[in-house]
Colleague: 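For reference, the structure I am asking about is given below.
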Amino acid sequence: MYHHFSEWQFPMVNLDITHNHKTSTNKKTILENSEFLATDDFATRHIGVNKTEIEQMLTILGFSSLDELIDRTVPANIRLNKSLNLPAAESEYNALAKLKEIASLNQVDRSFIGMGYYDCITPPVILRNILENPGWYTAYTPYQAEIAQGRLEALLNFQTMIIDLTGLEIANASLLDEGTAAAEAMSMSYGLCKTKANAFFVSQDCHPQTIEVVKTRAKPLDIEIIVSDHRSFDFSTHIFGALLQYPTTDGTIYNYQEFIDKVHEQKALVTVAADILSLALLTPPGEFGADIAVGSSQRFGVPLGYGGPHAAYFATKEKYKRQVPGRIVGVSKDIQGKPALRLALQTREQHIRRDKATSNICTAQVLLAVIAGMYAVYHGAAGIKRIASRVHQLTVILAEGLSKMGYNITSEFFFDTLGIETGDRTEAITQAATKVGINLRLLDKDAIGISLDETTTEQDVVDLWQIFAVVEGQENLPCLEDIQQNIARSTSIPPNLIRTSSYLTEQVFDRYHSETELLRYLHRLETKDLSLTTSMIPLGSCTMKLNATAEMLPVTWQEFGNIHPFVPISQTQGYQKLFADLEEWLGEITGFAGISLQPNAGSQGEYAGLQVIRQYHLSQGENQRNICLIPESAHGTNPASAVMCGMKVVAIKCDRDGNIDLEDLQKKAAKHSNELAALMVTYPSTHGVFESEITTICSIIHEYGGQVYMDGANMNAQVGLCRPGDFGADVCHLNLHKTFCIPHGGGGPGMGPIGVAAHLIPFLPATSLTTDNSQSIGAISAAPWGSASILTISWMYIAMMGAKGLKQATEAAILNANYMAKRLESYYPILFKGESGLVAHECIIDLRPLKKRAGVEVDDIAKRLMDYGFHAPTVSWPVIGTMMIEPTESESKEELDRFCDAMISIYQEAEAIASGKIDSKNNPLKNAPHTAESLICGEWNHPYSREQAAYPAPWTKEHKFWTTVGRIDNAYGDRNLVCSCEGMEAYQD
């Protein structure tokens, strides 16, 4: 059989042979020579299957070429019959050099802006061994807890740190940013409110970006936001909750006790947005009556990154545990009674309850939360207090010097931020600061703000004095030594708000203060987890592809990492170039006219996209359009996002092949024609097939005045082959942490930018802090460009792949999925296929027959895969009792075969149970996973060998991944919820 590989043979690359060499007159001739082959083609590094393997796989599938397979898989009426208009692919070396040039356009000045963002010191041992370590950043959200004990323990440390510092009883495993956390607190308060109150108080002293995000979230729910001064608010309007900043955005420390008591009298809840470092010195919110505390952990070792990614925190009282957004790590026990960790309450998705949703957050900022938690582990309570005290002392010294120079400090009590009255000298001071590379915050036309941080030095204080002195015409600066002696150990914290309670008292915060000990601790945790450094992670709808080293390197460049999100745009020309490139490239890839990079998670992209649709209808005077049609198979975040946008969800049936039931769609679209706002649809479908009627589906919605929102979770099957903007979608969010190579980080970070058709561009997310757009839906994320620093990853991926490489990647992903489906279909039925009998980039295998014949549950197979060294595919979604497999394009045929062999071997083990050869309760599947301890210690009371338990496949004898705990009892953990280290130790005792 002849195989045609026109685009897969040794592509040429643009080589700059003039670098460090004289220009050759024969350059063109050399490059045109077909024998002058590329030596560094990134696409061949990214795509796991080679020419020979592709040929073998096509033979098994019965196709003569890859083109033939794709033609049979992707509907002809949506195919893109041209190449994407993207720059030619660059080598890794050249792409890094080009991005370095772009990075050099950024101006890294000293920023004293504050607003919840601070420069900090990332301990090198944490930088190298977590942030730059694929063992940490390529792991997935820890749903399979037995192979995620390392990062679960790291997250438990983070939760414990937050519980201790805030003085509250329970904390989650992080949220997206401080603004989002505050909005989530408002939504939770609204859901818990027992009165008819519909107003939420927001202190005017909160960070401005937080106020904007809260307003955006409140608008579609018709929640009234009252932005006012807590000192003068008269409570004539009943409220369901209040948000306070501690210390305030201008640095003032208030005693909120009286105000909080009044809020509680109205049966309302109080949220305090607290600076995490200040809580080392200040009375924690939980001790003065706060019901919820939120904030950012960024200044605990996480780079500024022009706004992100950073891990927000969320803490509250235990009685609200089932309303907490995001994830909570809890303590349970395994089958041997050994303490084990897992995501608590996860089976309920307690906050994502379709038509009763209070949140659509289904992820977190795990990698950043791990860094922040380890920052506390490394420094311990004493170290954190030293850092906080030093920052505060420098601020006191700065204030004293400015006072001696005749400037008035606006607050008597402060921690690290000063408001300085500058009157008509304001502009002159800011200009003087700019000249010496210093950024100050303009509070208003008559006042300037200065925030100090961990990196601030005594020389910085002198430089700041110098700026103010020059404007005043003063030649003599205050004497630093004299001020230090005069105010030694003095404080500007109110006496009644000085912290007296202890924190970080658990053993983990006192053991690892030397680099040697922390290094070994981090390595121990890393080895407990299965990441892409171990084996493939074939999670359907998750796209766990390669996160190439070249893509990751720029993330920690200081030109990208050391920039405050609210510096003048003129200082971020490198970032602006990066954004412009990505917007252009993503627009070309999707076929959309406009792109917003602000949403900092897929869930945020969903929410932003629906908000844009809602705002469009309002602009057309069609306020009544609030019906959102959603297929029954949709991910839970889809209806949750719709509800959060004030829409009513109407479910659409799916037929037996998993496709949208066109008759039901037509019927319900017609029924709700006057109120129809949108259809949410995933493409390829959540069942892993290209629905041939997708253009018809979009046309039906448009016919009745609605807009089509496309969930971009499965974009990895479209890039280069078809474009959602061409076949009818009006909005689509993109998971850059899936299709465009941002790593999952063990459960975050991610990015969820949206693409929109031309008529929706005016409504894209924006913040008034940087943009004047009255039509915009407002701010979705706290930072103007979301998690800006990790956009470098997707830029590198697209730059190195080029149009041809991106298309090849999509084709390889589809080929790999169909190859695996073919290998497995004799053992596990493939639940859904397209009209041609093929799947898209993923497939769903049906495990329910094994349950009928052998009593084997899908969870048994998931746990048994761990013994073979694999992470399970997506379990019981979108169909209960099934697994969804997505191999991506990055895996080799050898790895695909290894996984298929494992699944076939497990099938044979299940058949042995069905035939009575193995006991139905005491067998390798029911007892999986098997730990080394269970094999070596104690008696072996199983009717199968230790070898079969631990080494069920040949490759496990070459390299064995051991789980450190046996199967975990989730129900026990939920009945006895413990989410801090103290509880873990008590349980061990």
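No experiment lies behind these values; they were computed from the predicted model shown. One-based numbering along the sequence shown.
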Colleague: Side chains of P134 and N547: closer than 4.5 Å at any heavy-atom pair?
Modeller: no
Colleague: Could you check whether any side-chain N or O of H687 sits under 3.5 Å from a backbone N or O of C654, counting only pairs where one atom can act as donor and the other as acceptor?
Modeller: no
Colleague: Report the distance from atom NZ of K648 to atom SG of C628, rounding to the nearest 0.5 Å.
Modeller: 13.5 Å
Colleague: Nearest 0.5 angstrom please: L69 CG to Y819 OH, how far?
Modeller: 14.0 Å
Colleague: Between the side chains of N816 and E889, is a donor N or O closer than 3.5 angstrom to an acceptor N or O?
Modeller: no
Colleague: Okay, side chain of S699, backbone of T695: is any donor-acceptor separation there less than 3.5 Å?
Modeller: yes
Colleague: Hey, can you tell me if Y140 and H871 have their rings parallel, tilted or perpendicular (30° and 60° cut-offs)?
Modeller: perpendicular
Colleague: Between the side chains of K738 and E886, is the shortest nitrogen-to-carboxylate-oxygen separation below 4.0 Å, so that they form an ion pair?
Modeller: no
Colleague: Got a salt bridge between K917 and E911, using NZ or NE/NH1/NH2 to carboxylate O under 4.0 Å?
Modeller: no
Colleague: Check whether any side-chain heavy atom of L847 lies under 4.5 Å from a side-chain heavy atom of V856, and answer yes or no.
Modeller: no
Colleague: Answer yes or no: is there an ion pair linking D664 with K671, defined by an N-O contact shorter than 4.0 Å?
Modeller: no
Colleague: When rounded to the nearest 0.5 angstrom, what is the spacing between CD1 in I814 and CG in L721?
Modeller: 5.5 Å
Colleague: Decide yes or no on side chain to side chain donor-acceptor pair (under 3.5 Å) for T637 and E606, but give the supporting numbers first.
Modeller: CA-CA 8 Å; T637 59; E606 281 186 21; 2.7 Å; yes
Colleague: Below 4.5 Å, heavy atoms only, C-beta onward: do D860 and L850 meet side chain to side chain?
Modeller: no
Colleague: State, with a plain yes or no, whether a side-chain heavy atom of S794 is found less than 4.5 Å away from one of E551.
Modeller: no
Colleague: What distance do L58 atom CG and F63 atom CZ have between them, rounded to the nearest 0.5 Å?
Modeller: 8.5 Å
Colleague: Is there a donor-acceptor contact under 3.5 Å from the side chain of D661 to the main chain of E663?
Modeller: yes
Colleague: Compute whether any side-chain donor of one residue and acceptor of the other, for N716 and T543, lie under 3.5 angstrom apart.
Modeller: no
Colleague: Please report the shortest heavy-atom distance between A872 and M883, naming the atom on each side.
Modeller: CB-CE, 4.3 Å
Colleague: From I652 CD1 over to Q666 CD, what is the distance, rounded to the nearest 0.5 angstrom?
Modeller: 10.5 Å
Colleague: Can you find a pair of side-chain heavy atoms, one from I627 and one from K668, that are under 4.5 Å apart?
Modeller: no
Colleague: For E835 and S692, which I'm curious about, is there any donor-acceptor pair between the side chains at under 3.5 Å?
Modeller: yes
Colleague: Is any side-chain N of the basic residue among R898 and E894 closer than 4.0 Å to the acidic one's carboxylate O?
Modeller: yes
Colleague: Rounded to the nearest 0.5 Å, how far does CD1 of I694 lie from SG of C722?
Modeller: 9.5 Å
Colleague: Would you mind listing every ring-ring contact (aromatic ring centres under 6.0 Å, His included) that reaches into residues 692-728, with sequence neighbours excluded?
Modeller: Y683-F727
Colleague: If you measure from the Lys or Arg side-chain nitrogens to the Asp or Glu carboxylate oxygens, is any gap between K653 and E632 under 4.0 Å?
Modeller: no
Colleague: Identify the heavy atoms of Y607 and S641 that sit nearest to each other, and give their distance.
Modeller: N-OG, 4.1 Å
Colleague: With the side chain counted from C-beta on, respond yes when Y797 and I742 share a heavy-atom pair under 4.5 Å apart, and no when they do not.
Modeller: no
Colleague: Over all heavy atoms of both residues, which pair between E842 and S685 is shortest? Give the atoms and the distance, please.
Modeller: OE2-O, 4.1 Å
Colleague: Does the side chain of T686 reach to within under 4.5 Å of the side chain of W877, using non-hydrogen atoms?
Modeller: yes
